[in-house]
There are 2 protein chains.
Amino acid sequence: MDETGQPQSDKRRIDTMEELSVAIGVSRPTLSRYFQDPSSVRSSTSEKIRRGLEQVEYVPNFFATRMNRKSTGMIGVIIPYLNDLFFTRLLEGIEIAAMQAGFTVITQCSHSDPAIEARAAETFMSMSVDGALVAPLGNHSDFAVQERLNARLPFMLVDSRPSTMPSVDFVGSDHMQSTGIITEYLSRVGDPPVFLAMPRVNFNALERERAYIAKMQELGHEPTIIGTEALHPASHFEAHGSAVLDRCFSQGQFTDRSILCANDRVAIGALHAAAKHGLDPGRARRGGLRIAGHDDYPLCPFTTPTLTTVAQDVEAIGRVAVQRLVEKIRGENNAQSQVVQLLDGVLKLRESA
Amino acid sequence: MDETGQPQSDKRRIDTMEELSVAIGVSRPTLSRYFQDPSSVRSSTSEKIRRGLEQVEYVPNFFATRMNRKSTGMIGVIIPYLNDLFFTRLLEGIEIAAMQAGFTVITQCSHSDPAIEARAAETFMSMSVDGALVAPLGNHSDFAVQERLNARLPFMLVDSRPSTMPSVDFVGSDHMQSTGIITEYLSRVGDPPVFLAMPRVNFNALERERAYIAKMQELGHEPTIIGTEALHPASHFEAHGSAVLDRCFSQGQFTDRSILCANDRVAIGALHAAAKHGLDPGRARRGGLRIAGHDDYPLCPFTTPTLTTVAQDVEAIGRVAVQRLVEKIRGENNAQSQVVQLLDGVLKLRESA
DNA sequence: TCCTACGTTTTACATGCGTAAAGTAAGCGC
DNA sequence: GCGCTTACTTTACGCATGTAAAACGTAGGA
């Protein structure tokens, strides 16, 4: 075989540290220490090992290493679904922050299925992850599973949290603030806004409704909420927004109102319904149709018209969640003080409102 | 502690099979067999174990189990970045198919960094995954790493492949077909299309350019390609498309041409540029501006105007990739015949072209 | 030259489970 | 009651590594 002189595998493949130790001429425990921290062995030894490794093909067995270490250096993340740029940005923030903190992230996606979510939690426990971050599915989540995780290891909820778990650590948005400022803005530049809800797939849906109602009452306006019924599969937000407004516009309703959408994907659907009915959101000075969203979805600057919204710093949510979790893992969290961090939104004024 | 009667942890926590075996009154090897296949023990025993497990809190140690099994039941997936609904759909297709085939998916995201991509490959080898699926970064990928993976375990490329690795198994789109049909369509309803390229972040970018050129030559037209220069960070496709066309339109170029964009995200940017210049793609009968994309990004039905494109069945790509990989893992792949499967695109006629 | 101290290496045991081999108990037909 | 099969238990070892404790070597100081 060597006769062929193929360049593919000039390096001898070695499968265990034992073999490697005889190949290099160093004891196995010394190798073990080297792999965990090359500076923990004498520099001459370290150099000898490094040169030896260049001659062979060897990777330490992941399972054997993790099984014996006191800490696995892994954190588990569960998110409800991937088909949403909000969650991908969240995940990106989490992964980058975790990487910088020296942790490996294991991501599991629930695919909107509580059974999968529960299985992912089981997996994390059986892997002895150092900590877990969960963006819950919503009403369908199996809270018992999350309670178990929470009781067993450093645990935090991200993005949304059930009202039934008020004592669990949490990092997310301050909906009272974010929905509040855009409600107020819309009230100033036109008629008090109508709230176009999203299907209540998670707790944020309800929180934003409540924040809208609270702000409207504070401003002395009558809240109006439409679209609470689910016309489409829960996560088809654009289709939902489009269908609800299409029906309204067909009946001549709300064609000259400000419409605050529960999130940007609903708002993109709303823009589509407006275009279909020949309406041009945001172009009229007063009294015309306006559409605004929430989140600052990456496509907002490119819609027609561009979408006015409230930006959530999603990556910051991910980053902060990791920071707090790592503190909990390291036991830096003085006492049992609960961590609840709500990040503010920032108004993004564009064309649509 | 029990005195408080808190419901949180009425179950005794057990950490090893050894403990569990004495708690239930069954031998440890029997438990081991039960966990691998409950039907491999007598039904009365199986029932006894099941009842016993309800009384305690126990999860088998993931690492210890995987370390000793001949097969880990895991497949590793590497994707270049998450902030693109194309890749999230691909991942979804992969995860669902893998789950149905009884495999656990470990996903690693390169975040556009070859070093991270290489580390992910190392991780997969050290975890002894049964197989790996890689959607490469593009020109920046470290091909040596992929060669090592390919030499070591069942391996496939997905979505795009470097021309330097023609012999590696691959599942992706047939760009000659997909880009071909939309080029032909555009040529029929208007002037021969101009091709708005995307930054050459991966091999598909070049393949689509080539497919466009080939079809144009076949039709006897002169190909015109714009936007090959990267004006923005590589993955900001919308910004790229918008900036390139904005410049053209400002100079009065291409305002009445058909513009075929390398993908839908570029096309969404193109629509934005059109709107900015008061152009209304697709509305004119003949001789007016038309814009078309590629991929059938989930937002295409909601843009203004809605976007004509070629749909790739992304989930099918993921599903097929998993199927072929599983066949390779199970050794069902008769002989060393190379697997190359290219899926066709389907024209989606909407308003913009 | 000898002793001491420090850093490194070696020895030995541990981790949690898979699995083979051998022994034991239960079920069945005669 | 006997032999047989089947299912289970017991015993033992293996997996690839971590890690504590002991042994070792070397350099520095007296």
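Protein chains get the first letters and strands the later ones, always in sequence-line order, with residue 1 at the start of each.
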- Is B/Q338 reaching over with its side chain to a backbone N or O of B/V168, donor-acceptor style, under 3.5 angstrom? yes
- Message: With a 3.5 Å distance limit and no angle check, can you tell me whether B/E117 reaches the backbone of B/Q146 through a side-chain donor-acceptor pair?
- Response: no
- Test salt bridge (charged side-chain N to carboxylate O under 4.0 Å, His left out) on A/E122 and A/R148 and set out the steps. CA-CA 9 Å; A/E122 291 285 327; A/R148 269 181 71 202; 2.8 Å; yes
Separation of [N] [atom2] from [X] [atom1] (nearest whole Å):
X: A/E18; N: D/dT17; atom1: CD; atom2: C1'; answer: 10 Å
X: A/M127; N: C/dG16; atom1: CE; atom2: P; answer: 17 Å
X: B/I14; N: C/dC17; atom1: CD1; atom2: P; answer: 11 Å
X: A/N61; N: D/dG14; atom1: CG; atom2: P; answer: 18 Å
X: A/Y34; N: D/dG18; atom1: OH; atom2: P; answer: 14 Å
X: A/I24; N: C/dT10; atom1: CD1; atom2: P; answer: 13 Å
X: B/M67; N: D/dG14; atom1: CE; atom2: P; answer: 14 Å
X: B/D15; N: C/dT15; atom1: CG; atom2: C1'; answer: 12 Å

- Query: Does A/Y58 have any ring-ring contact (aromatic ring centres under 6.0 Å, His included) partners at least two apart in sequence or in another chain, and if so, which?
  - Reply: A/F35
- Message: It should be established whether B/S27 places a side-chain nitrogen or oxygen under 4.0 Å from OP1 or OP2 of nucleotide D/dT9.
- Response: yes
- Summary of protein contacts for nucleotides 18-27 of chain C, nucleotide by nucleotide, where a base hit scores B, a sugar-phosphate-only hit scores S (4.0 Å, heavy atoms): BB--------
- For B/Q323 and B/V320, what are the C-alpha separation, side-chain angles and deciding distance, and is it a side chain to side chain contact (heavy atoms under 4.5 Å, CB included)? CA-CA 5 Å; B/Q323 285 167 354; B/V320 170; 4.3 Å; yes
- Query: Checking all strands, does A/Y58 fall into the base, sugar-phosphate, or nothing category for heavy-atom contacts under 4.0 angstrom?
  - Reply: sugar-phosphate
- Name the nucleic acid region contacted by B/T16, choosing base, sugar-phosphate or nothing; use a 4.0 angstrom heavy-atom cut-off, strictly under. sugar-phosphate
- Ion pair check, A/R324 and A/D169, cut-off under 4.0 Å: no
- Message: Do the side chains of A/E18 and A/R28 get close enough for a salt bridge, i.e. N-O under 4.0 angstrom?
- Response: yes
- Walking DNA chain C from its 5' end, the first of B/P60 and A/V26 to be reached, judged by nearest nucleotide, is A/V26
